[in-house]
J.: 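Please see the structure below; I have some questions.
When reading the values below, keep in mind they use all heavy atoms of this one structure, side chains included, and skip hydrogens, waters and symmetry mates.
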Amino acid sequence: MVSFYDSPLREKFDQILIERFKESGLAENKAKIVAEKISRNTHRYMKEAVVEVKDNAKKLAGIYGYGWQRDLEIYGSIDKYLEKNIATKPDEEVFDEKFTFRQIYVPLLDNS
């Protein structure tokens with residue numbers, strides 16, 4: 001499996017996730033959004049798992065390719081950038097005012 005998100009397995013996985021979320025009380029629309037987020041990140045976690053076991057599962061690592069470790073380094077670099085440069089934005093003052101973006105943020109209504 002080269003791309004989990006484009007696989008038939010992802011479709012089945014999403015169906016099960018959505019049903020479990022709905023059983024837990026989550027509205028269907030919200031359940032679909034959460035399942036989508038999980039699906040989009042599953043491939044990344046699969047790469048991490050393969051990198052961890054690559055020496056003990058050489059055939060698996062060979063199938064997935066050894067470039068996965070480089071991909072994980074890229075993901076890590078993006079994570080660091082987001083944490084350092086983007087995640088801090090809500091706490092910055094708005095223009096020259098004495099309040100922050102976080103203080104004036106109004107969340108969207110959840111109509112689900």
Side-chain angles (χ1 to χ4, degrees):
M1 177 184 329
V2 175
S3 175
F4 175 80
Y5 190 77
D6 295 325
S7 74
L9 179 58
R10 191 250 334 149
E11 293 173 21
K12 296 292 183 190
F13 184 68
D14 281 2
Q15 290 172 1
I16 294 167
L17 275 177
I18 291 166
E19 287 307 312
R20 295 298 176 263
F21 287 138
K22 286 169 41 181
E23 287 171 7
S24 324
L26 210 57
E28 184 169 0
N29 189 41
K30 191 72 163 179
K32 287 179 180 179
I33 291 169
V34 174
E36 173 78 14
K37 286 181 182 180
I38 292 169
S39 289
R40 290 211 176 265
N41 287 301
T42 298
H43 194 67
R44 176 180 181 172
Y45 299 117
M46 289 172 65
K47 287 181 179 186
E48 289 175 2
V50 170
V51 166
E52 282 182 31
V53 299
K54 70 180 178 196
D55 293 333
N56 297 321
K58 293 183 185 205
K59 283 186 180 180
L60 178 66
I63 291 168
Y64 288 115
Y66 288 97
W68 286 37
Q69 194 158 4
R70 182 184 47 84
D71 292 346
L72 292 177
E73 291 170 3
I74 292 169
Y75 290 147
S77 174
I78 292 169
D79 288 344
K80 285 178 188 173
Y81 173 80
L82 292 172
E83 186 178 314
K84 181 180 176 187
N85 297 301
I86 304 300
T88 57
K89 294 293 181 196
D91 297 318
E92 291 180 5
E93 289 184 351
V94 179
F95 305 111
D96 291 327
E97 302 298 328
K98 299 292 181 204
F99 50 82
T100 65
F101 286 103
R102 186 179 311 278
Q103 290 171 317
I104 62 171
Y105 173 73
V106 178
L108 297 172
L109 294 176
D110 186 8
N111 293 328
S112 52

J.: Taking the side chain as everything from C-beta on, heavy atoms only, tell me whether Tyr5 gets closer than 4.5 Å to Thr42.
T.: no
J.: Please check this pair: side chain of Ser39 against backbone of Ala35, looking for a donor-acceptor N/O pair closer than 3.5 Å.
T.: yes
J.: Rounded to the nearest 0.5 Å, what separates atom CD1 in Ile38 from atom CD1 in Ile18?
T.: 10.0 Å
J.: Which heavy atom of Ile104 sits nearest a heavy atom of Phe99, and at what distance?
T.: CG2-CD1, 3.5 Å
J.: Can you name the closest pair of heavy atoms from Lys98 and Gln103 and give their distance?
T.: O-OE1, 4.2 Å
J.: For Lys80, is there an ion pair with Glu83 - N to carboxylate O distance below 4.0 angstrom?
T.: no
J.: Salt bridge between Lys32 and Glu36, side-chain N to carboxylate O under 4.0 Å?
T.: no
J.: Quick one: do Ile74 and Leu82 end up in the same hydrophobic cluster if we chain Ile, Leu, Val, Met, Phe, Trp and Tyr together by side-chain heavy atoms under 4.5 Å apart?
T.: yes
J.: In Å, rounded to the nearest 0.5 Å, how long is the span from NE2 of His43 to CG of Asp6?
T.: 9.0 Å
J.: Minimum heavy-atom separation for Ala31 to Phe21, with atom names?
T.: CB-CB, 3.6 Å
J.: Is Asp14 paired with Arg10 through a side-chain N to carboxylate O contact shorter than 4.0 Å?
T.: yes
J.: Are Leu17 and Leu9 linked, directly or through intermediate hydrophobic residues, by side-chain heavy-atom contacts shorter than 4.5 Å (ILVMFWY only)?
T.: yes
J.: How close do Arg44 and Gly76 get, heavy atom to heavy atom, and via which atoms?
T.: NH2-N, 4.3 Å
J.: Show the nearest heavy-atom pair for residues Asp91 and Thr100, with the distance to one decimal.
T.: O-CG2, 3.3 Å
J.: Same hydrophobic cluster for Phe13 and Leu26, using side-chain heavy-atom links shorter than 4.5 Å among ILVMFWY?
T.: yes
